[in-house]
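I have placed the structure first, in the form of structure tokens, so that the comments after it can refer back to it.
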Protein chains: 2
Amino acid sequence: MARSKRAKTAERILDIAERLVQTRGYNAFSYADIAVTLRIRKASIHHHFPAKADLAKRLIERYHERFMVALESIGLHSPDPKRRLRRFVQIYSDVLRDDRMCLCGMLAAEIDTLPHQIRDELRRFFSATEDWLTPILASGRRSGSLSFAGAPATEARLLVTALEGAMLVARSYGDVGHFALVADRLLSGIGIAA
Amino acid sequence: MARSKRAKTAERILDIAERLVQTRGYNAFSYADIAVTLRIRKASIHHHFPAKADLAKRLIERYHERFMVALESIGLHSPDPKRRLRRFVQIYSDVLRDDRMCLCGMLAAEIDTLPHQIRDELRRFFSATEDWLTPILASGRRSGSLSFAGAPATEARLLVTALEGAMLVARSYGDVGHFALVADRLLSGIGIAA
DNA sequence: GTCTATAGGTGGATAGAC
DNA sequence: GTCTATCCACCTATAGAC
């Protein structure tokens, strides 16, 4: 009972590492950073994640899983395509408001320095996000709720890449409003009023 | 005469460092990497750029200057807004085709680990790019050549952030076509056919 | 599961000879 | 302007006691 509120150590390591990667990047954080925050020794972290690459792999898996859960939750709660896409954008906005970059966007920048296995995970993440968006865009247009010219899959890719880029650039301004301007423009571009 | 074809050492250091930052990031390259490529010693690099931050600062300055020269060149050679914007997108496409990320986009990802002075430089780069685009978009729409709904400055920001994001994500796929799809969609969105 | 201790390497940076 | 030599901090990772 005394430990019921405390997450297992492995999960707490992942929590701290996640924030570190999202703010500083994979190559700019160390086991020492985690050890200080968690107030254990570096060696103890290696017990849970033998190599840094193991930690990174698990980090992406967990992020991907949670992202998909969030998307499924959007699908369940709101059948309206406009509302779904607003909530989709809100996920990115919330991450940025917490002073973070998307985990996969950050790792994408460092792609040339990461194990090959991780490249595959990143691709899967972006593709899965597009795959979630595409049918919503398609059916939304069919029902007359949304309006855009090209293929739904193209529009999905624009949304994913533009939101990643807007986060990236907005962070250099330290201004969520910078992101919001682009996000609103993206939504209005498919017929969703701000 | 014998050395007329060889750039000064400082410039060659910048050339190598530029590629390293654009491919690996600021935190994943070292003076040792440059030394090996240039076949001189690490200490010699410190003679030209005492600290790594000095190198980074000069790197952004040079990139920004050259980018602006490229934009001015577009302005001189083609009065047609459609043609200007196609050539604008082509600049990003060329960088990606050389297996690089935009230097400033890469540094933007690492923003939390960089000297504060560099944050200002990055902001200046993105803002200058938007400032170059905005009047072209405005006059292009006035003349009936371009077509979009909101403020020209908003459209400019969408273009800059979306192109950065498209480069970022496309690099994780190792596929320029991934970028091209988004780029074409961005252009068609303002009335420029592929 | 956490600790101490340490290995073996690399990071940025400096002093001083040539 | 380039070199050798060196510093010290930090890195990832391992061995073995508790």
Side-chain angles (χ1 to χ4, degrees), chain A residues 1-21 23-60 106-107 110 112-118, chain B residues 1-21 23-60 106-107 109-118:
Chain A
M1 295 301 187
R3 47 187 280 281
S4 65
K5 283 207 169 179
R6 307 218 271 107
K8 288 166 190 160
T9 304
E11 286 298 307
R12 294 209 283 166
I13 291 169
L14 287 170
D15 292 341
I16 295 162
E18 185 176 72
R19 167 167 280 276
L20 285 168
V21 173
T23 53
R24 304 176 56 82
Y26 178 80
N27 293 306
F29 92 95
S30 71
Y31 275 36
D33 296 326
I34 301 173
V36 166
T37 306
L38 204 48
R39 282 188 290 193
I40 58 174
R41 301 288 150 179
K42 286 190 291 174
S44 306
I45 301 172
H46 282 282
H47 170 74
H48 299 279
F49 302 97
K52 200 180 177 185
D54 300 323
L55 209 177
K57 191 185 169 232
R58 184 70 199 107
L59 220 43
I60 301 181
M106 182 63 89
L107 292 173
E110 303 177 287
D112 281 4
T113 69
L114 302 176
H116 281 203
Q117 196 179 17
I118 293 191
Chain B
M1 296 302 187
R3 48 188 279 281
S4 64
K5 282 209 171 180
R6 307 218 272 107
K8 289 165 189 159
T9 303
E11 287 298 307
R12 293 208 284 166
I13 291 169
L14 287 171
D15 291 341
I16 294 162
E18 185 176 72
R19 168 167 279 276
L20 285 168
V21 173
T23 52
R24 304 176 55 82
Y26 178 79
N27 294 305
F29 92 94
S30 71
Y31 275 36
D33 295 327
I34 302 172
V36 166
T37 306
L38 204 48
R39 282 190 288 193
I40 59 174
R41 300 288 150 178
K42 284 194 295 173
S44 306
I45 301 172
H46 282 283
H47 170 76
H48 299 279
F49 302 97
K52 201 180 177 185
D54 300 323
L55 208 177
K57 191 185 170 233
R58 183 70 199 105
L59 220 43
I60 303 180
M106 182 63 89
L107 292 172
E110 303 177 289
I111 192 82
D112 282 4
T113 69
L114 302 175
H116 281 203
Q117 196 181 17
I118 292 189

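The analysis underlying the following values was restricted to heavy atoms, covering all of them including side chains, and did not include hydrogens, waters or symmetry mates. Bear in mind the structure is a predicted one, so any value in this text is a computation, not a measurement. A note on names: the letters A, B, ... follow the listed sequences, proteins ahead of strands, and every chain is numbered from 1.
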In chain order, what residues pass the ring-ring contact (aromatic ring centres under 6.0 Å, His included) check against [X], with sequence neighbours excluded?
X     : result
A:Y31 : A:H46
A:H48 : none
A:F49 : none

* Would you tell me if any nitrogen or oxygen in the side chain of B:T9 comes within less than 4.0 Å of OP1 or OP2 on D:dG1? =>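 No, because none of the side-chain N or O atoms of B:T9 sits under 4.0 Å from OP1 or OP2 of D:dG1.
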* Is there a side-chain polar atom (N or O) of B:S44 under 4.0 Å from OP1 or OP2 of D:dC3? ->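 Checking B:S44 against D:dC3: at least one side-chain N or O falls below 4.0 Å of OP1 or OP2.
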* For atom CD of B:Q117, is the number of surrounding heavy atoms from other residues, nucleotides or ligands below 6.0 Å larger than 12? ->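 No - once you tally the heavy atoms of other residues, nucleotides and ligands closer than 6.0 Å, there are 12 at most.
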* All pairs passing salt bridge (Lys or Arg N to Asp or Glu O under 4.0 Å) where residues 39-57 of chain B contributes a residue, at least two apart ->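 Residue pairs with at least one partner in residues 39-57 of chain B: B:K57-B:E61.
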* Residue list, salt bridge (Lys or Arg N to Asp or Glu O under 4.0 Å) with B:D33, at least two apart or on another chain ->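 Per chain and number, B:D33 pairs via salt bridge (Lys or Arg N to Asp or Glu O under 4.0 Å) with no residue.
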* Where protein sits on nucleotides 11-18 of chain D, one letter per nucleotide: B base, S sugar-phosphate only, - none, heavy atoms under 4.0 Å -> SBBBB---
[X] [atom1] - [N] [atom2] separation (whole Å):
X     : N      : atom1 : atom2 : answer
A:R41 : C:dC3  : CZ    : P     : 6 Å
B:H47 : D:dT2  : NE2   : P     : 7 Å
B:I34 : C:dA13 : CD1   : C1'   : 14 Å

